[in-house]
A.B. asks: 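Take a look at this one; I'll ask things after.
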Amino acid sequence: MDHKALTREMRGLREQVSGITDTAVAAADGLLIAADTADSIDPEGLAALAAAGLGLARRTAEATSRGALHRTVAYGSHGCAAFYAVGDTALMVVLGDEGMDVERLHRATQPTLRRIDLILTDRAEWPVHAEQSVHAEQSVHAARPERAAEGV
């Protein structure tokens with residue numbers, strides 16, 4: 001699995017939708033695969049909570065004959081957390097501030113989720129989305145200087 005490609009996808013999504021503060025990709029069982037989170041966020045805990053929440057929403061959709069679950073969003077007084085299914089075996093969680101346009105996020109997330117699924121199943125052709133990935137890599141240092149210092 002190409003962890004750098006996953007990171008590029010998460011950072012590319014952040015560039016497309018203003019207000020995204022943190023992102024993570026996890027296995028459906030809650031094990032963290034990759035994260036781009038602030039120091040104040042525990043990425044392993046976030047992955048576990050996201051898996052539990054998405055699993056509950058998935059079972060609810062199935063029990064009520066609503067079809068396959070695509071996403072669920074939790075809104076709080078300081079922003080929201082969006083949980084997306086990545087195939088049947090993984091998930092992506094996106095945290096955003098109060099100003100994040102959730103509908104824009106949902107639209108921008110669809111191609112990202114498809115590429116992440118390909119990366120996770122090792123079916124991606126390199127480069128996954130070269131122009132966007134190079135742009136994301138260059139601008140992430142400006143967006144997250146604390147991460148640039150870590151080489152992430």
Side-chain angles (χ1 to χ4, degrees), residues 2-61 66-120 124 128-129 131-152:
D2 187 345
H3 286 276
K4 287 183 181 183
L6 286 175
T7 301
R8 280 192 298 272
E9 290 299 335
M10 291 186 294
R11 290 176 180 173
L13 184 63
R14 182 190 304 265
E15 284 189 356
Q16 293 177 54
V17 182
S18 62
I20 293 176
T21 59
D22 307 275
T23 56
V25 174
D29 63 3
L31 292 176
L32 182 66
I33 296 171
D36 182 26
T37 57
D39 291 337
S40 61
I41 301 291
D42 170 25
E44 288 85 8
L46 177 62
L49 289 170
L54 194 63
L56 206 62
R58 189 176 265 150
R59 282 190 289 260
T60 301
R66 300 296 155 212
L69 181 74
H70 299 284
R71 66 178 176 252
T72 185
V73 181
Y75 293 91
S77 59
H78 299 292
C80 68
F83 308 95
Y84 296 91
V86 180
D88 292 329
T89 60
L91 64 93
M92 181 174 71
V93 58
V94 178
L95 304 181
D97 61 25
E98 307 89 1
M100 185 175 68
D101 181 346
V102 176
E103 289 305 314
R104 168 86 177 107
L105 174 67
H106 293 332
R107 287 189 307 274
T109 301
Q110 295 315 301
T112 301
L113 292 172
R114 284 191 293 276
R115 290 189 300 269
I116 287 174
D117 186 38
L118 292 173
I119 293 165
L120 292 175
V128 173
H129 199 255
E131 186 175 302
Q132 179 183 8
S133 297
V134 169
H135 184 64
E137 190 69 28
Q138 291 170 345
S139 65
V140 73
H141 297 297
R144 286 248 168 148
E146 73 279 7
R147 293 294 201 205
E150 298 171 12
V152 173

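We use all heavy atoms of the structure for the numbers below, so side chains are in, but hydrogens, waters and symmetry mates are not. Nothing fancy with the numbering, it's 1 onward along the sequence.
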A.B. asks: When rounded to the nearest 0.5 angstrom, what distance separates OG in Ser18 from CE in Met100?
C.D. replies: 9.5 Å

A.B. asks: Taking the side chain from Asp117 and the backbone from Leu120, do they hold a donor-acceptor pair closer than 3.5 Å?
C.D. replies: no

A.B. asks: Could you walk me through whether Thr7 and Arg11 pass the side chain to side chain contact (heavy atoms under 4.5 Å, CB included) test, one step at a time?
C.D. replies: CA-CA 6 Å; Thr7 301; Arg11 290 176 180 173; 3.4 Å; yes

A.B. asks: Could you walk me through whether Glu9 and Met92 pass the side chain to side chain contact (heavy atoms under 4.5 Å, CB included) test, one step at a time?
C.D. replies: CA-CA 11 Å; Glu9 290 299 335; Met92 181 174 71; over 6 Å; no

A.B. asks: Please report the shortest heavy-atom distance between Cys80 and Val102, naming the atom on each side.
C.D. replies: SG-CG2, 3.8 Å

A.B. asks: Quick check: closest heavy atoms across Pro43 and Ile41, and the distance to 0.1 Å?
C.D. replies: CD-O, 3.1 Å

A.B. asks: As an exercise, state the distance from CZ of Arg59 to CG of Leu69, rounded to the nearest 0.5 Å.
C.D. replies: 11.5 Å

A.B. asks: Just verifying a value: how many Å separate Asp101 CG and Arg107 CZ, rounded to the nearest 0.5 Å?
C.D. replies: 6.5 Å

A.B. asks: If the condition is ring pair (Phe, Tyr, Trp, His ring centres under 6.0 Å), which residues does His106 pass it with, not counting sequence neighbours?
C.D. replies: Tyr84

A.B. asks: Measure from the side-chain N and O atoms of Asp22 to the backbone N and O of Ala38, and report whether any donor-acceptor pair falls under 3.5 Å.
C.D. replies: yes

A.B. asks: Atom OG1 of Thr60 and atom CZ of Arg66: how far apart are they, to the nearest 0.5 Å?
C.D. replies: 11.5 Å

A.B. asks: Distance-only, no hydrogens or angles: does the Arg71 side chain make a donor-acceptor pair with backbone N or O of Ala85 under 3.5 Å?
C.D. replies: no

A.B. asks: Has the side chain of Arg14 got a donor or acceptor atom that lies under 3.5 Å from a matching backbone atom of Gly19?
C.D. replies: no

A.B. asks: Rounded at 0.5 Å granularity, tell me how far CE in Met10 sits from OG1 in Thr112.
C.D. replies: 11.0 Å

A.B. asks: So among Leu95, Asp36, Asp97, Leu105, which one has a side-chain contact (heavy atoms from CB on, under 4.5 Å) with Ile20?
C.D. replies: Leu105

A.B. asks: I need the His70 NE2 to Leu113 CG distance, nearest 0.5 Å.
C.D. replies: 11.0 Å

A.B. asks: If you take all heavy atoms of Gly30 and Ala47, which pair is closest and at what distance?
C.D. replies: O-CB, 3.4 Å

A.B. asks: Under the side chain to side chain contact (heavy atoms under 4.5 Å, CB included) test, which residues partner Ala50, sequence neighbours left out?
C.D. replies: Phe83, Leu91, Val93

A.B. asks: What pair of heavy atoms forms the shortest contact from Leu46 to Ala24, and how long is it?
C.D. replies: CD2-CB, 4.2 Å

A.B. asks: Take Arg8 and Asp2 through the test side chain to side chain contact (heavy atoms under 4.5 Å, CB included) and record every step on the way to the result.
C.D. replies: CA-CA 10 Å; Arg8 280 192 298 272; Asp2 187 345; 4.1 Å; yes

